[in-house]
> 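Have a look at this one before I ask anything.
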Amino acid sequence: MTLSELEKMMDSCVRCSKCKFLPGIMVKSKEFSSICPSIDRYNFHAYSGGGKVIMANALHKGRIEFTEEMLDVLYRCTNCGACEVVCKFFFELEPNEIIHELRVAAVEAGVGPMSNHKKFIEQVDSVHNPYGEPTDKRTSWLTDDIELDERSDTIFFAGCTASYRREEIAKATVRILNAAKEGFKMLGPDEYCCGSPVYRVGDKKRALKIMQDNVERFKAQGIKRIITSCAGCYNMLKVEYPRFVETDFEVIHTSQLMESLISEGRLKLTNEVPLKVTYHDPCHLGRMAEPYEPWEGELVEVITLVYMHDPPKPIRRGANGVYDAPRNVLKLIPGIELVEMERIREYAYCCGAGAGVKSQYPDFALSTSGKRIEEAESTGATALVSTCPFCSTNFKDKLKELDDPMEFYDLTELVLKSIGGSE
Ligand code: SF4
Ligand code: SF4
């Protein structure tokens with residue numbers, strides 16, 4: 001949607017500031033009652049979801065123009081979607097969508113994204129990953145003993161971060177798939193970035209081209225099913241791609257696949273893993289992973305500045321993300337005790353890395369992961385577990401900076417331990 005199409009929605013923001021906090025009935029403590037990493041760090045209203053809605057509306061109506069300061073506020077946001085889930089608890093606004101469209105407008109006006117974003121976009125263009133790593137090294141972590149089935153119509157799409165920065169997740173995933181005799185192949189150097197980093201910083205035109213090219217590549221290879229261990233890739237392939245391009249493949253996250261394989265008896269969790277853990281819901285596997293339901297209609301003004309969708313629009317509240325599969329798998333690992341943080345599922349607090357924040361504002365990314373680690377430690381857990389390589393990097397970086405004894409694991413690493421495997 002364009003800012004023009006979102007105008008009525010932007011007009012109906014009542015500036016209530018509810019998008020800065022958990023809905024009251026979800027609050028368990030003052031300490032962990034906030035929901036927006038950007039407002040937590042920078043305090044001024046402009047940094048909140050609602051603040052950026054006002055900014056977008058003012059720009060759209062020609063009352064302000066893009067300035068360096070405004071772009072800086074706009075991009076100090078992880079596009080985590082928490083503001084949107086909370087707003088929809090009370091109203092039907094989509095601040096996260098509006099923030100994204102404001103970024104799209106910034107790119108179209110030639111002023112966005114930010115300098116480090118431009119660098120990683122150039123690298124996605126040239127070598128198909130934002131890290132600038134050589135294409136032929138994408139599967140350099142893959143060892144000879146891993147069995148691939150070149151006739152399979154299933155691929156393991158490792159994603160750029162697991163391929164080049166968090167190889168332990170990619171290695172654990174393929175070992176688990178082999179242990180369960182789940183046939184799959186890999187695209188190797190023909191696996192290109194899913195487009196998430198490009199899309200999230202607002203370069204929509206380029207992201208759409210990436211989506212189209214990837215879908216054509218999957219079709220040419222006869223791919224019917226995509227397994228991914230990355231929340232960002234899952235969100236793009238499962239939720240965003242079908243909004244813009246025709247897809248005919250199934251997308252499954254490793255947490256969902258492992259849950260099925262365990263229940264079918266194909267993965268046997270035999271080894272004790274004595275750990276008290278807490279689970280972090282990645283935004284892109286949680287609230288942002290809820291698919292869009294097709295809807296056509298309009299916002300009708302029922303009384304001045306009060307709008308209703310006609311016909312009623314299916315509201316994407318974030319409750320239908322992937323929440324149970326990772327928890328169910330954790331509970332089935334012998335020796336694991338799962339304790340929950342206060343902010344979970346669609347009300348989870350972001351790790352702080354997404355939507356270009358890690359590359360452009362690394363101090364902001366780390367201060368947010370630090371807040372989430374405090375919440376994790378308040379549960380008494382000694383290990384933090386998640387299901388996203390990008391969250392993994394940001395948590396590991398912060399734990400290292402703090403010299404914190406808390407351990408971090410991707411879910412695949414714990415499953416691998418329990419089935420008796422090692423990298
Ligand atoms: S975006 Fe929603 S929750 Fe935030 S200030 Fe506006 S109406 Fe309130
Ligand atoms: S998307 Fe997340 S970081 Fe950005 S304004 Fe909304 S809650 Fe804050």
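One-based numbering, in listed order, for ligands and for the atoms of each.
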> On the ring face of F364, is R76 found with NZ or CZ under 6.0 Å from the centre and within 45° of the axis?
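No, R76 does not lie over the aromatic ring of F364.
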> Specify the protein heavy atom at minimum distance from atom 2 (Fe) of ligand 2: its residue, its atom name, and the distance to 0.1 Å.
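Going by distance alone, atom 2 (Fe) of ligand 2 is nearest to C80 SG, 2.4 Å.
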> Tell me, which protein residue and heavy-atom name are nearest atom 5 (S) of ligand 2, and how many Å apart are they?
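Result for atom 5 (S) of ligand 2: G49 N, 3.4 Å.
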> Taking the side chain as every heavy atom from C-beta outward, state whether P113 and D203 have any atom pair closer than 4.5 Å.
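Counting from C-beta outward, P113 and D203 never come under 4.5 Å.
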> So does C83 have any N/O/S atom less than 2.8 Å away from atom 8 (Fe) of ligand 2?
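No, C83 does not qualify, because none of its backbone or side-chain N, O or S atoms lies under 2.8 Å.
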> Mark up the atoms of ligand 2 that fall under 4.0 Å of a heavy atom belonging to N96, in ascending order.
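Going through ligand 2 atom by atom, the ones under 4.0 Å from N96 are 1 (S).
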> Mark the output for S17 as yes if a heavy-atom distance to ligand 1 is under 4.0 Å, and as no if none is.
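Within the 4.0 Å threshold, so yes.
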> Looking at K52, which atoms of ligand 2 are within less than 4.0 Å of one of its heavy atoms?
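Here the atoms of ligand 2 in question are 5 (S).
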> Tell me whether the NZ or CZ atom of R316 lies within the 45° cone about the ring axis of Y292 and under 6.0 Å from its centre.
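Positive - R316 is close enough to the ring of Y292 and near enough to its axis.
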> So if I count the atoms of ligand 2 from 1 in the order they appear, which ones are less than 4.0 Å from some heavy atom of P37?
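With P37 as reference, the close atoms of ligand 2 come out as 3 (S).
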> Can a side-chain donor-acceptor contact be found between S126 and Q123 if the only test is distance below 3.5 angstrom?
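No, S126 and Q123 have no side-chain donor paired with an acceptor closer than 3.5 Å.
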> Tell me, please, if C13 has any N/O/S atom, main chain or side chain, under 2.8 Å from atom 4 (Fe) of ligand 1?
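Of the N, O and S atoms in C13, none lies under 2.8 Å from atom 4 (Fe) of ligand 1, which means no.
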> Run the numbers for me: atoms of ligand 2, each under 4.0 Å from some heavy atom of T78, listed by number.
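Taking each heavy atom of T78 in turn, ligand 2 has 3 (S) under 4.0 Å.
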> Using a strict cut-off of 4.0 Å, indicate which atoms of ligand 2 neighbour a heavy atom of G81.
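Result: 1 (S).
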> With heavy-atom distances below 4.0 Å as the criterion, list the atoms of ligand 1 near F91.
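Near F91, the atoms of ligand 1 are 7 (S).
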> Looking only at heavy atoms, which two atoms of K52 and L102 are closest? And how far apart?
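Here K52 and L102 meet closest at O-CD2, 4.0 Å.
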> Write out the residue and atom name of the closest protein heavy atom to atom 8 (Fe) of ligand 2, then the distance separating them to 0.1 Å.
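Scanning the protein heavy atoms, the shortest distance from atom 8 (Fe) of ligand 2 goes to C36 SG, 2.4 Å.
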> Centroid-to-centroid, H280 to Y349, below 6.0 Å?
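No, ring centres 6.0 Å or more apart.
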> Centroid-to-centroid, Y199 to H100, below 6.0 Å?
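Ring centroids of Y199 and H100 are less than 6.0 Å from each other.
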> Angle class for the H117/Y75 ring planes (parallel below 30°, perpendicular above 60°, tilted otherwise)?
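Geometry flag for Y75 against H117: tilted rings.
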> Tell me the protein heavy atom at minimum distance from atom 4 (Fe) of ligand 2, and give that distance in Å.
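Result for atom 4 (Fe) of ligand 2: C77 SG, 2.4 Å.
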> Can the positive tip of K18 be found less than 6.0 Å from the middle of the six-membered ring of F90, inside 45° of the ring normal?
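Output yes; distance and angle both within limits.
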> Measuring from non-hydrogen atoms of S48 to any atom of ligand 2, is the shortest distance under 4.0 Å?
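Heavy atoms of S48 do come under 4.0 Å of ligand 2.
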> Give the atom numbers and elements of ligand 1 that come within less than 4.0 Å of a heavy atom of V14.
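Within the 4.0 Å cut-off of V14, ligand 1 contributes 7 (S).
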> Looking at the rings of Y131 and F120, which for Trp means the six-membered one, are their centres under 6.0 Å apart?
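Here the rings of F120 and Y131 have centres that are no less than 6.0 Å from each other.
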